[in-house]
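Positions are given from 1 along the sequence. Because the structure is predicted, anything quoted here is derived from the model rather than measured.
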Amino acid sequence: MLWHMSKFDFIFLPLLGLIAGAAFAAQPDTRTFEIKVSFEGAQDWSNPPQWYKASSTQSFVVRTELYSSGKRYAANLLDVDMQQRMKIKAEFQRQRALATLRAEGIDTAAGDLQQRISERMDQEISECQQDMNCMARVSMKYAAPMSAAMAPDNSALFEGEPRYAYYQPFEGCQSFVKGSISISAKGETNRSKLRKKEKVYPFALEMKGVESTSVEQKDRPLCSYFLIVLDEHAQKMYVENVFLPDVRGSAHRLEFGEQSHDDNASVPMAAPIQPWVNANLRDAAPLQGNMAERLPLPLPLDGNATILGNFEGHGNAKMSWSFD
């Protein structure tokens with residue numbers, strides 16, 4: 001639920017200012033991106049004679065630092081046109097790989113570049129002396145440069161007046177994350193598919209949780225989930241995806257006359273929150289702002305999409321953010 005960035009996009013996060021002629025020197029800059037989200041909603045479910053009334057309150061705070069080398073580019077790495085965005089990212093990655101080759105002393109302007117890469121790779125593999133781990137590392141090292149040597153030159157995408165700053169993760173970034181969710185529901189349920197012919201039982205659900213560190217967060221700093229492009233002319237920002245924290249906690253359930261309790265349950269975020277946040281910050285958003293909107297709740301608050309029936313409800317969502 002909370003891997004809110006595509007894996008394809010994430011491989012481009014550690015991007016450096018490597019495109020010749022596309023940027024000019026400026027001072028490095030570190031900015032803090034902060035977002036606060038709150039939500040209060042109520043929902044009715046019915047599948048006669050079953051029913052329940054549910055409510056939820058949710059809040060999230062995410063704050064993390066991002067770093068810009070100070071260079072400005074003519075191309076927006078998060079262009080709103082997805083096809084154009086992928087072309088720009090591919091060219092950026094190509095230039096990054098070529099810069100790696102130049103650092104290895106390989107002439108990237110040579111007509112036989114692919115052959116030179118292959119020869120260098122073979123040389124380093126031979127020096128591994130049949131160490132399989134070493135050979136694998138060498139192969140990985142030259143995979144991207146070889147792809148870059150074969151890719152078309154689209155550096156023209158970065159020609160023009162520099163106006164975009166790329167803010168990326170960096171080692172040692174300072175971050176803060178907090179999430180809190182409570183969900184309650186009361187009603188009646190039964191066991192049979194022949195709903196109206198079987199006894200109904202009282203149903204109750206209480207779920208409460210706070211932010212917990214997911215496996216991904218343990219392996220990577222929070223800032224690694226973010227990439228922001230700042231348009232300095234328009235003073236607008238493009239946020240690739242907003243990461244909101246996973247929340248775990250307790251779930252107490254009364255159903256069919258039996259009670260159950262789980263102290264390590266996933267407490268779900270209301271379904272419309274994440275799309276709403278991303279939609280409003282993804283393309284040319286102000287550097288700071290506030291907004292509120294009433295959102296529909298067509299999916300169950302407790303995340304149990306296996307039950308049939310009719311779901312009706314709304315929630316009031318609020319969001320504030322800043323990038324400074």
Please confirm whether the backbone N or O of Ser69 pairs with a side-chain atom of Gln168, one donor and one acceptor, at under 3.5 Å?
no

Pairs meeting criterion ring-ring contact (aromatic ring centres under 6.0 Å, His included) with involvement of residues 107-128, two or more places apart:
none

Please state whether the rings of Phe243 and Tyr225 are parallel, tilted or perpendicular, taking 30° and 60° as the class boundaries.
tilted

Would you please name every residue forming a side-chain contact (heavy atoms from CB on, under 4.5 Å) with Gln84, sequence neighbours left out?
Asp79, Asp81, Lys87, Ile88, Leu157

For Gln235, what residues pass the side-chain contact (heavy atoms from CB on, under 4.5 Å) criterion, not counting sequence neighbours?
Glu232, Leu287

Using the side-chain contact (heavy atoms from CB on, under 4.5 Å) criterion, which residues pair with Glu258? Sequence neighbours excluded.
Arg191

Quick one: disulfide (SG to SG under 2.5 Å) pairs with a partner in residues 46-156, sequence neighbours left out?
Cys128-Cys134

Using side-chain heavy atoms (C-beta onward) and a distance below 4.5 Å, is Trp276 in contact with Met319?
yes

Heavy atoms from other residues, nucleotides or ligands near CD of Glu293 exceed 12 (cutoff 6.0 Å):
yes

Residue pairs meeting disulfide (SG to SG under 2.5 Å), one or both in residues 42-80, sequence neighbours left out, come to none

I'd like to check Arg120 versus Arg116 (side-chain heavy atoms, cut-off strictly below 4.5 Å). Are they in contact?
no

Joint cluster assignment, Leu66 & Val61, ILVMFWY side-chain distance < 4.5 Å:
no

Short question: side chain of Arg248, backbone of Asn264 - any donor-acceptor pair under 3.5 Å?
yes

Compute the ring centroids of Phe60 and Phe39, then answer whether they are less than 6.0 Å apart.
no

Find out whether Val229 and Tyr73 are in side-chain contact, i.e. whether some heavy atom of one side chain is under 4.5 Å from a heavy atom of the other.
no

Heavy atoms of other groups near Glu104 CD, more than 12 under 6.0 Å:
yes

Any side-chain donor paired with an acceptor under 3.5 Å for Ser182 and Thr57?
yes

Report yes if the side chains of Ile307 and Asn47 come closer than 4.5 Å at any heavy-atom pair, otherwise no.
no

His261 vs His252 aromatic rings, parallel, tilted or perpendicular, using cut-offs 30° and 60°?
tilted

Student check: side-chain heavy atoms of Leu78 and Arg85 closer than 4.5 Å:
yes

Are Asp44 and Trp51 close enough that some pair of their side-chain heavy atoms sits under 4.5 Å apart?
no

Salt bridge between Arg94 and Glu91, side-chain N to carboxylate O under 4.0 Å?
yes

Is any side-chain heavy atom of Arg31 less than 4.5 Å from a side-chain heavy atom of Leu230?
yes

Classify the angle between the aromatic ring planes of Tyr52 and Trp45 as parallel (below 30°), tilted (30 to 60°) or perpendicular (above 60°).
tilted

